[in-house]
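Below is one structure, written out as structure tokens; comments come after it.
One-based numbering, in listed order, for ligands and for the atoms of each.
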Amino acid sequence: MTANKLRRKYISFFESKGHAVLRSAPLIPENDPTVLFTTAGMHPLVPYLLGEPHPLGKRLVDCQKCVRTGDIDEVGDAVHLTFFEMLGNWSLGDYFKSEAIAFSHEFLCSSEWLGLDMERLSVSVFAGDDDAPFDEEAFEAWRSHGVPESRIGKLGKRHNWWGPAGKTGPCGPDTEMFYWTGEGAVPESFDPDDSRWVEIWNDVFMQYNKTGEGAFEPLEQRNVDTGMGLERVTAILQGEESCYDTELFQPIFEALDRARGVVSDGARSASERVIADHLRASVFIMADGVAPGNVDQPYVLRRLLRHAMLKGMNMGVSGAFLVPIARSVVETYSEAYPELSSSADAIYEEVEREEAQFAKTLEKGVREFEKSVASIPEHVKNKVISGRSAFKLFDTYGLPLELTVDLACERGFSVDVDGFEKAYRKHQEKSREGAAGKFQGGLADDSEKTSALHTATHLLHEALRRVLGPHVAQRGSNITAERLRFDFSHPAKMTPEEVSSVESIVNEEIAKGREVVCEEMSKDEALSSGAIGLFVDKYGDRVKVYSIGDFSKEICGGPHAESVAGLGRFRIKKEESVSRGVRRVKAVLE
Ligand code: ATP
Ligand code: MG
């Protein structure tokens, strides 16, 4: 079975069980500045897991694009990828454990669906501790499907517990499914430390609320949140040893072969795997609108591309080679992810530019290296490149330490690696201090602008409700120092008349110059006072409600302008579609 087929099967299985199908959210979180990338299918669904009703109902299924930079050190092994796809199904206060486990079991083992060999399956459940009891319900559910007791691991929080995401909030036990990928007979019992038992699926049962006092209270809305790795399961279904042996990677490796001018015998080295992994991740990140740069997501992207280039150089590739590999990624995925084809040209252009720029920097670095080598007199016996020089080559020219060591080796030199690390640490400390100083200044400057745009967002939200109707609800919001971006539910494109009446209403409100009043209250009080807004738990049990006269009243974490006087002139620059039923407005204050 191909990955494309597995993706479709998963979705149609859960559709047949009454789940509504969601599109993958972007890899860049829309409304969460605390993380750089979407790392799991549940991430974009957090508000709904916390209780906000989802417009498509209580049963959801999707295939979510994920990036985990935390797994980068494991990339190259059989099962950890930087970019992967997570298949997931959710129950928002609908079905719970026994049904969720029945779904997982049926999908994995029924011959109508994946038909995996039950004999190679193990599961784990929460063993219980002082906070919460043994998950007997999950244990019994698996037994009822014929999983022998010896193949049901009972493990503690470290393995079988999820959340809360912050200090408090929903959390609960989970059950994980593993498939035996080793050779020969399948072991009688499950061993969580044997990596040949590969985790394929995780069902999380949110049934507790962790309070500020550290107590675990039963939740009113109990949710199920599951995640299955598409690449891992594809490899298993194809009887392959690793994700890299599936059709998802073959065209990528072939493009690499062509760039190297070789014909491969099939087995792929760790370097080849890393190049393939990093290019896949890079292409997907770029398709979601990121270009290489020096901070945040752009920086991660730059590192992925540069790392891939260095690996290629190590393998003896000469000259630019990444664009054809990027092309093979786009071609492999264009059917499932049309955003790849639509931004393909821009992606190739960026990859080409980054590659050329890094090549130039490296060239300068190598010349600089030759200079430091030449500065060491002939008669010196211990030919050592100092830690300071090695660090300068790294810091100024991007020459990674390993490359300096290689170059040195070729000439019978060594490198003072300890000295390099010392210089590196010293530099890090300095830049941390520098960043702290800069941040304060920069923040003070920007915070006024972002607070003003934040307040304008509340005016916009209410104006949209007045012009379009009370069905308008926030779906996302993102503010930079330059503009606001607001996503909301609405079934149709806004007409030019609607756009201009929204603008006029907001500007009339600004002209009134009223104060922005902030009150703290309990969630219940906030709701009964008619406040609108995303009801996200990260604000704690008590919430802030910001009011602007009798015009707007919204639950929000702030910060806001003190009054609407001086916000400036509000103008909508763009109105566009985000997904079915969701529109996006970008606006500025001039
Ligand atoms: P592992 O312990 O194997 O790293 P995990 O506990 O981090 O897995 P979850 O966070 O539960 O995994 O994610 C759900 C599913 O997503 C996993 O069961 C697995 O199939 C898949 N998955 C997780 N991380 C990766 C990765 N880096 N590459 C490919 N698939 C992954
Ligand atoms: Mg992991």
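By the 4.0 Å N-to-carboxylate-O rule, R425 lies too far from E421 to be salt-bridged with it. Using a cutoff of 4.0 Å between basic side-chain nitrogens and carboxylate oxygens, E15 and K9 are not scored as salt-bridged.
For ligand 1, the atoms sitting less than 4.0 Å from at least one non-hydrogen atom of D71 are 24 (N), 26 (C), 27 (N), numbered in the order shown with element in parentheses. Near N202, meaning under 4.0 Å from one of its heavy atoms, ligand 1 places the atoms 11 (O). Residue-ligand proximity, M86 to ligand 1, at heavy-atom distances under 4.0 Å covers atoms 13 (O), 14 (C), 16 (O).
The heavy atom nearest to atom 9 (P) of ligand 1, considering only R232, M228, R68, is found in R68.
The proximity of I200 to ligand 1, defined as any non-hydrogen pair under 4.0 Å, is limited to the backbone. By the criterion of a heavy-atom distance under 4.0 Å, neither the backbone nor the side chain of T82 is placed next to ligand 1. By the criterion of a heavy-atom distance under 4.0 Å, neither the backbone nor the side chain of E74 is placed next to ligand 1.
Here's the thing with F84: none of its N/O atoms is less than 3.5 angstrom from an N/O atom of ligand 1.
K154 forms a cation-pi arrangement with F134, by the criterion of a distance under 6.0 Å to the ring centre and an angle within 45° of the ring axis.
Contact annotation: H80 has at least one heavy atom less than 4.0 Å from an atom of ligand 1.
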Check your understanding: After noting the C-alpha distance and the side-chain angles of F126 and K157, does the key distance pass the side chain to side chain contact (heavy atoms under 4.5 Å, CB included) rule?
Key -> CA-CA 7 Å; F126 180 57; K157 276 224 179 66; 3.9 Å; yes
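The two residues T234 and T246 come nearest to each other via the heavy atoms CG2-CG2, 3.9 Å.
Residue pairs meeting the side-chain hydrogen bond (donor to acceptor under 3.5 Å, both in side chains) criterion with at least one partner in residues 110-123, sequence neighbours excluded, are absent.
With sequence neighbours excluded, no residue forms a salt bridge (charged side-chain N to carboxylate O under 4.0 Å, His left out) with R222.
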